[in-house]
2 protein chains.
Amino acid sequence: MPAPRKFTREQLQAAALNLVDTQGLAGLTMRNLATELGTGAMTIYNYVDGREGLEELVAAAVMSQARWTETGEDWATQVAAIAEGMWWAVRAHPHAIPLILTRRSSDAATLAPAEALLRALSHSGRSGRDLLIAFRTVSGYISGFAQAELTSPLSAATPEVVTERIAALPADRFPKLIEIATVAADSDPREEFRAGLQLILAGLHA
Amino acid sequence: MPAPRKFTREQLQAAALNLVDTQGLAGLTMRNLATELGTGAMTIYNYVDGREGLEELVAAAVMSQARWTETGEDWATQVAAIAEGMWWAVRAHPHAIPLILTRRSSDAATLAPAEALLRALSHSGRSGRDLLIAFRTVSGYISGFAQAELTSPLSAATPEVVTERIAALPADRFPKLIEIATVAADSDPREEFRAGLQLILAGLHA
DNA sequence: ACCTGAACACCGTTCAAGT
DNA sequence: ACCTGAACACCGTTCAAGT
């Protein structure tokens, strides 16, 4: 993909992400994006490597928006800050989550949060294999949590649907599932995210 | 979806999963599945609620294959057994992972592993909100790890591609990423999965 | 009640022609 | 070097007609 002229990569990212946010994943189409930008569909191919490249573009657009503050405190606090920043960015674009879970681009803006997370984790004294494991655990938790919030059996567009779906389950076979479903119905996702992360950080301290 | 006659749901699941395993996600098509079964495309609609229902069918097929043994030991050992069983099932069908991450059906066979995991976790003495958080953390870890193995910046079809992609990064901006990439190149995924899970279990013990 | 072919409104992408 | 329309080979799905 050579450097093109009619649009910038940022323009493409913004238009594509806007398409996903407003019309859902089904709205992300070569033709749709092209007309949004006022060109023919084939023009997009000058900026992006086919459909897959288009999806990577959106995923990168989301991840590059992750923000956090350098706390200067202990490594665990810093890890929590970065993790929450990444999660928050993902959460702001729910329709894009399947792309973020599935495609992963390797441009600098996308990798920056990962590197920051690694650096913070390395201040726990880990390196090599231990650092890799710690990293996989935390970043797995971030995307896993985002995905769970979106598509777990406990989540849906409306709480009514959840209650209804859970009520349809045979109560004798799924008692625990029903128990936590009622708890999940009115819980604060941010509090939950933090609490789960603290669990992992406690494990990292041990 | 009323009960149909020409095929069973299991036949549909097997054929659809086989399609995904052999041809990848792009091979999962109404028309493809139909000709595989020797019918017209429209017949599939008697068994499944559109394209989305077809994807749920595949996700359910994978998750229902999770197996584990009742250890009878402490709750942490049991949690680890179930978690590893779920991860192993997912891992056996790499092409289906995007569907598992994205679609979630609520039939009994799919929910059984989740309920088992909840029961094991409840033996740590947790219930209500604490149980919910523990569950989200562990199941987030499972799918997050599976996804990371498939699509992280550190993974690719061949190790050469990873090394090449990492080598393309500016070494001064991403030192830690480069460090763990070389470690990840020759590591045993199963050992890694277990080690990360132990991290979480340690946190659950605290 | 289930099955199914034809037809419709879309896709991504190749190709060839433009500047 | 970048742009772009026409054309091709696909999709999912509606509809109407079958049994």
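Convention: sequence-line order gives letters A, B, ...; per-chain numbering from 1.
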Can you check the [X] [atom1] to [N] [atom2] distance for me, whole Å?
X       : N      : atom1 : atom2 : result
B:Arg51 : D:dC10 : CZ    : P     : 16 Å
A:Tyr45 : C:dG12 : OH    : C1'   : 5 Å
B:Ile44 : D:dC11 : CD1   : C1'   : 15 Å
B:Met30 : D:dC11 : CE    : C1'   : 11 Å
A:Tyr47 : D:dA1  : OH    : P     : 16 Å
B:Leu33 : D:dC11 : CG    : P     : 12 Å

Pair listing, salt bridge (Lys or Arg N to Asp or Glu O under 4.0 Å) test, anchored in residues 54-66 of chain A, at least two apart: A:Arg51-A:Glu55, A:Glu55-A:Arg103

Please list all pairs passing the salt bridge (Lys or Arg N to Asp or Glu O under 4.0 Å) test where one or both residues lie in residues 83-102 of chain B, with sequence neighbours left out. B:Glu84-B:Arg190, B:Glu84-B:Arg194, B:Arg91-B:Glu149

Short heteroatom pairs, N/O only, protein and nucleotides 17-19 of chain D, under 3.5 Å:
none

Contact check, side chains of B:Val138 and B:Ile142, non-hydrogen atoms, under 4.5 Å: yes

Consecutive-pair stems (3 or more, Watson-Crick or G-U, under 3.5 Å) for DNA chain C: C:4-8 with D:12-16, C:12-16 with D:4-8

Among residues at least two apart in sequence or on other chains, which ones pass side chain to side chain donor-acceptor pair (under 3.5 Å) with [X]?
X        : value
B:Ser127 : none
A:His95  : none
A:Ser187 : A:Glu192
B:Thr137 : none

ring-ring contact (aromatic ring centres under 6.0 Å, His included) partners of B:Trp87, counting only residues at least two apart: B:Phe145, B:Phe193

Would you check if the side chain of B:Thr39 reaches a backbone N or O of B:Thr35 as a donor-acceptor pair within less than 3.5 Å? no

Shorter than 3.5 Å, N or O on both sides, protein versus nucleotides 6-9 of chain D: list them out with atom names.
none

Residues in side-chain contact (heavy atoms from CB on, under 4.5 Å) with B:Ala89, at least two apart? B:Ala66

List for me each residue that meets side-chain contact (heavy atoms from CB on, under 4.5 Å) alongside A:Ala61, sequence neighbours excluded, and say none if there are none. A:Gln13, A:Leu17

